[in-house]
Amino acid sequence: MVLEKLVIMINDKIAVIGLGYVGLPLARLFATKYSVVGFDINAKRVDELMSGVDSTLEVEDETLQTVLVRKNSKETGLFCTNSIAEIADCNYYIITVPTPVDKNNRPILTPLIKASKTVGSMLKNGDIVIYESTVYPGATEEDCVPVLEKHSGLKYNKDFYVGYSPERINPGDKEHTVEKIVKVTSGSTSIVGKKVDELYKSVITAGTHLAPSIKVAEASKVIENSQRDINIAFVNELAKIFSLMDINTNDVLEAAGTKWNFLPFKPGLVGGHCIGVDPYYLAQKAQEYGYNPEIILAGRRLNDSMGEYIASRVVKGMIDKDIKIKKSNILILGVAFKENCPDVRNSKAVDVIKALKDYDTNITVFDPWVNKKEMINEYGISILTKLPNERFDAIVLAVAHDEFRNFDLGKYTNPQCFTFDVKNMPEFKSDKRL
Ligand SMILES: NC(=O)c1ccc[n+]([C@@H]2O[C@H](COP(=O)([O-])OP(=O)(O)OC[C@H]3O[C@@H](n4cnc5c(N)ncnc54)[C@H](O)[C@@H]3O)[C@@H](O)[C@H]2O)c1
């Protein structure tokens, strides 16, 4: 049987389904050793990648160009396409599509189910489908495998097999790139687990950790981000408490951080596609099992309250300086969900902007990293990627992009101006900090 052979065959061919922040770096990495077909439903994304450009900035254009091939073949390299037929002769299918939540914070599995249909329609005897998207424990085998079976007409763990290997990259982080992060792997049988593990081991220089089951691997990913969310919620709560006491939270954290086991979390806005979303996946599954998660959801509520809280601190600071709020001009520095990256998905700086607008203020948003069109499409907010020669009544540093380190505050402040730093950037000499 095909699977008895653990050695990765030289003619293995990998399809990566979904070429976003996670899929592209992975496809690029595998393409240094294997023939890889990158499949995405977004034709514009495919065209951009085939022209050697990655607008997410996760893979440098030059690095991408070194693996791109013009023809889909068995040769090593990456061929990107939006045509399903091109993935027909692959034997590994790796699914890296989004797993968002709806407006009531319920998991949306639609992209995963659609990708499973696509792959199901292509499955052959002996193929292995590996899911990388972040999900709750059980999603792979309970939600996705039945779709694969239905659309392939094949039997799970008899004709085809499944693995789960969560991604741990961090958008904009050029140090912890995919090959440098230990990869958790798993498979639907012990042999498949080993085979999946061998596949990743062949490209991940940091090594792998083979989990005993798919559910364990799924659970391990979702708790990593839930743990971060809860820890950040704790320091955000501290920031609220210490502000009432007129104590600088960052000074407190620095002092407490001298103890060997004090965890170095910072207060801030928790946005993006992962930390602010994944805990809801775990919470939903826990609720299905009749358990109401208290700490996980309290952490979510606390972190989601920070946008309005920051806006209220800004307004209070302006009032303390006798600055008229109505029609005041406020500059927001940064709107990406985190520093040095263009990703605006689930940006919480947007919550600050919306809350400040409710006070009938004029908001100018400056972010040199972010795509203007995307901000309009996603949030209806127009932004500037170049700073205007204007002065403001308040300036809020919302995102710690490197560009803001040399920010000449004096050039943009009115004689009476309140400045607030959400990110505790030492170079940014603000009146108040979170
Ligand atoms: N962004 C991160 O840093 C990060 C880190 C770890 C894990 N994750 C997880 O990885 C998964 C993917 O996240 P992402 O940030 O790469 O998303 P993304 O939105 O950047 O990319 C997803 C890509 O999938 C494509 N797509 C959607 N449906 C498809 C389908 N049916 N068939 C083919 N392509 C399809 C989209 O067009 C898009 O290009 C999510 O589950 C996320 O939680 C993300």
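Indexing begins at 1, ligand by ligand and atom by atom, following the structure's order.
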Please list, by chain and number, the protein residues whose heavy atoms come under 4.0 Å of ligand 1.
-> Ile17, Gly18, Leu19, Gly20, Tyr21, Val22, Phe39, Asp40, Ile41, Asn42, Thr96, Val97, Pro98, Thr99, Pro111, Lys114, Ala115, Ser133, Thr134, Glu167, Ile169, Pro171, Lys221, His273, Cys274, Arg345
Side-chain atoms of residues 252-263: list all donor-acceptor pairs with protein atoms under 3.5 Å, sequence neighbours left out, distances to 0.1 Å.
| unit_1 | atom_1 | unit_2 | atom_2 | d |
| --- | --- | --- | --- | --- |
| Thr258 | OG1 | Ala255 | O | 2.6 |
| Lys259 | NZ | Asn261 | OD1 | 3.4 |

Can you sort out the partners of Tyr280 under ring-ring contact (aromatic ring centres under 6.0 Å, His included), two or more places apart, ordered by chain and number?
-> none
Compare all side-chain heavy atoms of Val145 with those of Tyr131 and state whether any distance is below 4.5 angstrom.
-> no
Answer yes or no: is there a side-chain heavy-atom contact under 4.5 Å between Phe407 and Leu397?
-> no
Is the cationic atom of Lys240 (NZ for Lys, CZ for Arg) positioned less than 6.0 Å from the six-membered ring centroid of Tyr309 and within 45 degrees of its normal?
-> yes
Which donor-acceptor pairs under 3.5 Å do the side chains of residues 231-239 make with protein atoms, sequence neighbours left out?
| unit_1 | atom_1 | unit_2 | atom_2 | d |
| --- | --- | --- | --- | --- |
| Asn231 | ND2 | Gln227 | O | 3.0 |
| Asn236 | OD1 | Gly268 | N | 2.8 |
| Asn236 | ND2 | Gly268 | O | 2.9 |
| Asn236 | ND2 | Asn303 | OD1 | 2.8 |

